[in-house]
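For reference, the structure is listed below as structure tokens.
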Amino acid sequence: MEIATRYDPKECEERWYARWEESGAFTARPDSGKPPYTIVIPPPNVTGVLHSGHAMFVTLQDILVRWRRMQGYDALWLPGTDHAGIATQMVVSKELEKQGLSRQALGREKFIEKVWEWRGEKGGAILSQLRKLGASCDWTRTRFTLDPPLSNAVRTAFVRLYEEGLIYRGHYMINWCPSCGTALSDLEAEHEEKQGSLWHILYRLEGGALDEGLVVATTRPETLLGDTAVAVHPGDERYKKWIGKRVMVPVVNRLVPVVADQMIDREFGTGAVKITPAHDPNDFEAGKRHHLEEIAVIGHDGKMTSNAGPYAGQDRFAARKGIVKQLESEGLLVKIEPHKSSVAHCQRCHTIVEPAISNQWFLKIEPLAGPAIKAVESGEIKIIPDHWRKVYLNWMGDIHDWCISRQLWWGHRIPAWYCDSCGNGAGGEDPQRRMVSMKDLGSCPYCGGAVRRDPDVLDTWFSSQLWPFSTMGWPEKTADFERYYPTAVMETGYDILFFWVARMIMAGLKFTGKAPFKEVFLHGLVRDAKGRKMSKTLGNVVDPLDLIEQYGADAVRFTLAILCVPGTDVALDTKRMEGYRAFANKLWNAARYVMMQAGDREPEEPAKDDLGPWDLWILSEFEKTARSANEALEAFKFYEAADLLYHFTWHSFCDWYLEASKPAIQAGGNRAAAARWTLFKVLEGTLRLLHPIMPFVTEELWQKIAPRDGFIADAAYPSGKEGDYAAPGHLAVVMELVNKMRNVRAERGLSASAQLEAVVVPADDGLAKAVEGSKDEIRFLARLSSLSLASSLPDEQPWAKGVSGGCRFAMRAATAGETDAGRERQRLENDLKKVLADHAKFAAKLANPSFAERAPAEVVEKSRKLMEEYAKKAEDIRSAIQSLKD
RNA sequence: GGGCGGUUAGCUCAGCGGAAGAGCGCCUGCCUUACACGCAGGAUGCCACUGGUUCAAAUCCAGUACCGCCCACCA
């Protein structure tokens with residue numbers, strides 16, 4: 001059969017994916033009789049386009065799922081998308097603006113219609129992009145967070161939490177994004193350290209002299225318009241006499257009390273702090289303690305309110321400038337100090353977040369956090385790598401209530417109503433009179449009056465936290481829920497540990513009574529080749545689709561897998577990807593060679609006695625590799641599994657075995673038959689071992705090398721546990737001998753085609769047998785025209801001498817040829833030096849009496865052996881040098 | 001302020017108590033009939049620093065110095 005010398009990924013990827021999907025190879029089968037293995041996908045945003053983060057999780061999860069499927073599990077990898085409240089609303093709003101439409105002008109209903117339209121058109125894009133990577137998802141079970149059953153789950157969860165008093169509505173200070181026009185959770189407000197200023201401002205004493213007053217320090221002078229007190233520490237001697245007096249807030253000239261409060265840090269600034277209960281979380285609390293008025297001077301649009309006097313209507317930052325200027329001109333600005341402080345920004349639009357007081361819905365976290373902490377502490381849920389466990393516990397131990405309401409239109413609308421006639425409603429005057437309901441309310445159940453539904457929607461993550469079971473049909477006890485929940489593994493990036501993973505654990509325990517997964521594996525973030533974060537401004541963003549186009553999906557996957565070291569971010573280097581594209585090609589060509597030898601079907605199994613030392617060696621190496629690969633995957637060491645398989649395939653199988661098989665095949669007869677079978681057997685097994693990482697090329701080759709009914713995707717994953725083959729003794733020595741002979745050749749600049757004669761002197765009978773048994777292979781691998789065994793090295797020149805573990809040898813060019821005795825001696829002497837140094841190291845170790853006494857016997861034994869080996873080697877080299885002199 | 005990491009070959013990183021490793025890059029030869037996306041060979045390291053524990057430390061402990069990340073209501 002003729003096949004190309006190069007592997008062409010494009011040619012086969014789409015073809016195989018379509019066949020897998022059509023045949024239902026990825027569909028979970030509850031009736032299969034196999035044990036279930038479940039992973040739910042971290043649902044990408046419907047607005048999303050594939051980025052390297054997706055490529056990472058798809059690769060890792062697909063490796064796990066394919067591996068388990070091959071191991072005989074009924075594997076379910078459940079895909080889906082997230083409605084992604086703010087993100088989607090922003091994207092669609094922008095699209096509409098391009099068409100000259102505005103969200104406001106459309107109105108809520110029309111706008112939501114548009115979003116659904118938009119998601120109908122583009123929402124599937126991301127899922128087909130996952131297919132390009134080879135994702136073996138069960139597409140028959142695809143879910144969307146706004147599907148009716150999932151929305152029902154959200155509503156059920158909300159109503160239950162509300163009825164238990166864990167969800168409450170209240171008037172508190174929250175993070176407000178003036179640009180998105182909504183409240184945010186603490187996690188969605190990202191803090192950034194920025195160089196700013198600390199303004200020292202004089203607040204004059206009531207009835208005092210012009211320069212008499214308190215100097216306060218602030219980073220936000222524009223908020224002084226809303227000041228309702230100045231606070232000092234009760235123990236601060238400097239200010240004791242001021243407590244209870246009144247000072248004048250500049251610009252608005254309001255008299256406010258000086259209060260004493262423990263929260264004040266005497267060391268910071270001047271030790272006197274202006275209190276703005278409406279615009280600072282600390283001041284908000286202080287305001288409650290001291291019963292201060294809350295005067296909002298910055299509105300939800302980021303502009304100054306009517307309370308801001310002359311600054312009303314100005315942007316908050318323009319107002320800051322204006323106020324500083326005014327203070328300066330009035331002589332109230334004492335000094336400006338440079339000051340670093342962290343400023344919160346909106347995760348979505350990066351606008352500076354404004355602390356604001358507003359009516360919002362909150363989820364009481366503490367009662368949920370307790371069990372979630374316990375689940376991880378007890379090991380019921382294992383977090384890998386381990387250091388994230390500490391991070392998780394640290395965060396959970398100090399978690400605050402979660403603001404779950406958003407002033408958006410796209411999302412799950414909060415199921416709460418208000419009655420204008422009797423004033424009842426959720427969290428209203430009479431807390432007993434609840435108006436949060438599973439069924440939509442048409443009128444007030446208490447007075448029959450007209451009701452309004454709460455306009456807010458829920459934070460996207462509220463539905464995300466239910467994902468592992470809402471996707472299975474919860475709260476209904478569906479067959480899928482019973483069988484596939486809890487899931488096996490939650491695999492995702494560490495950046496959403498708090499956003500998602502922690503909340504899923506809390507919700508899972510709360511609603512299902514079970515941890516939603518047994519293991520959490522957190523992978524690193526994909527960065528550029530230099531380890532920098534990918535960003536549009538840096539221009540270092542790589543598009544996985546481009547990479548697939550350029551290198552093939554298998555190379556992309558292999559690269560991500562081998563770079564995935566737990567606990568480390570991934571520096572994605574396309575240079576490496578080139579290397580793994582070459583690897584796919586290597587595999588391709590190895591298969592080509594095997595097919596050239598074995599035809600296109602499985603050769604007949606030879607009698608065990610016919611297997612030669614090289615056959616046995618590669619077969620045992622294969623089993624060893626299979627065992628290690630399984631162990632590595634078990635421990636989520638993707639890099640180790642990939643690395644192992646790479647080395648086995650390239651170096652053990654291709655570099656050594658494939659070459660060594662050539663003389664055997666040439667010899668014909670039983671030897672050739674054994675080699676042909678071994679070639680086929682090991683290649684076939686290697687394809688299965690590699691399949692989870694490189695699904696496409698392995699399927700293509702697996703189908704090519706022999707007629708097949710099923711897919712490799714359904715074939716058994718080699719466990720290597722059979723232990724049928726043991727590596728023959730002394731083959732390592734033979735390999736070293738070949739290596740040393742090649743050294744001699746390279747040093748002399750002899751071309752590969754220059755045939756050399758060689759004489760080998762093995763140290764003992766065992767070695768002699770081994771060399772004798774691999775004579776053809778040694779001759780071929782070292783390119784010798786003849787090889788003979790002798791009991792001593794030839795004396796006469798121009799033989800080049802060499803030493804390998806256990807064997808001395810001599811070589812010379814069959815056709816005339818000279819040896820450079822000087823160079824050769826140099827080489828031998830260098831070798832000797834190294835060997836002596838190694839010998840000395842172990843000799844010293846063994847000479848230490850406490851070593852023999854305290855070290856475990858096997859370590860001592862090994863050291864002794866090594867020392868003896870070095871001693872012998874040194875002796876061999878010396879004699880070679882000697883013979884050179886003669 | 002609290003927490004978590006990192007410092008090993010020119011670069012990106014494995015190894016985490018018993019002979020210093022990989023990939024890429026570099027140097028020397030090779031179109032050897034599977035593959036030049038290839039073959040063979042080679043060079044390269046006070047394993048950040050300082051102490052300690054141990055028969056034995058890149059590996060464990062403590063401290064120091066840089067680098068990075070996360071959390072947090074220091075005005």
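Below, read A as the first sequence line, B as the second, and so on, with proteins coming before strands; counting in each chain starts at 1. Worth saying up front: this structure is predicted, and the values here are computed from it rather than measured. Excluded from the calculations below are hydrogen atoms, water molecules and symmetry mates; all remaining heavy atoms, backbone and side chain alike, are included.
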Side-chain N,O (A:Tyr551) to OP1/OP2 (B:C37) below 4.0 Å: no
Polar contact flag, side-chain donor to acceptor under 3.5 angstrom, A:Arg592-A:Asn589: yes
Touch class at under 4.0 angstrom, heavy-atom based, for A:His279 against every strand present: nothing
Side chain of A:His647 - closest among B:G23, B:C39, B:C4: B:G23
Residue-phosphate contact under 4.0 Å: A:Lys390 side-chain N/O, B:C70 OP1/OP2: no
Residue A:Met596, side-chain heavy atoms: nucleotide from B:A34, B:A43, B:C55 that is nearest: B:A34
Student check: side-chain heavy atoms of A:Glu192 and A:Ser342 closer than 4.5 Å: no
Sugar-phosphate, base or nothing in reach of A:Asp573, heavy atoms under 4.0 Å: nothing
Donor-acceptor pair under 3.5 Å, A:Lys586 side chain vs B:C35 base: yes
Which nucleotide in B:A75, B:C35, B:G41 has an atom nearest any side-chain atom of A:Asn589: B:C35
Sugar-phosphate, base or nothing in reach of A:Leu658, heavy atoms under 4.0 Å: base
Side chain of A:Ala855 - closest among B:A75, B:G38, B:C55: B:C55
N or O in side chain of A:Trp650 less than 4.0 angstrom from B:A22 OP1/OP2: no
Sugar-phosphate, base or nothing in reach of A:Asp495, heavy atoms under 4.0 Å: nothing
Sugar-phosphate only, base, or nothing, as touched by A:Glu659 at under 4.0 Å among non-hydrogen atoms: base
Sugar-phosphate, base or nothing in reach of A:Pro856, heavy atoms under 4.0 Å: base
Sugar-phosphate, base or nothing in reach of A:Asp283, heavy atoms under 4.0 Å: nothing
Listed nucleotide nearest any side-chain atom of A:Thr5, set B:A72, B:A14, B:C35: B:C35
Of the listed nucleotides B:C39, B:A34, B:C37, the one nearest the side chain of A:Lys662: B:A34
Sugar-phosphate, base or nothing in reach of A:Phe284, heavy atoms under 4.0 Å: nothing
Of the listed nucleotides B:C39, B:A20, B:A75, the one nearest the side chain of A:Ile264: B:A75
Closest nucleotide among B:C37, B:A14, B:C4 to the A:Ala582 side chain: B:C37
Sugar-phosphate only, base, or nothing, as touched by A:Ser863 at under 4.0 Å among non-hydrogen atoms: nothing
Sugar-phosphate only, base, or nothing, as touched by A:Tyr494 at under 4.0 Å among non-hydrogen atoms: nothing
Touch class at under 4.0 angstrom, heavy-atom based, for A:Arg220 against every strand present: nothing
Contact under 4.0 Å: A:Lys340 side-chain N or O vs B:C74 OP1/OP2: no
Residue A:Ser341, side-chain atoms from C-beta onward, closest of B:C71, B:A75, B:G18: B:A75
Touch class at under 4.0 angstrom, heavy-atom based, for A:Thr276 against every strand present: nothing
Listed nucleotide nearest any side-chain atom of A:Arg854, set B:G42, B:U54, B:G18: B:U54
Sugar-phosphate, base or nothing in reach of A:Val565, heavy atoms under 4.0 Å: sugar-phosphate
Touch class at under 4.0 angstrom, heavy-atom based, for A:Arg742 against every strand present: sugar-phosphate
Residues, nucleotides or ligands: over 12 heavy atoms within 6.0 Å of A:Lys872 NZ: no
B:C71 phosphate, OP1 or OP2, under 4.0 Å from A:His400 side-chain N/O: no
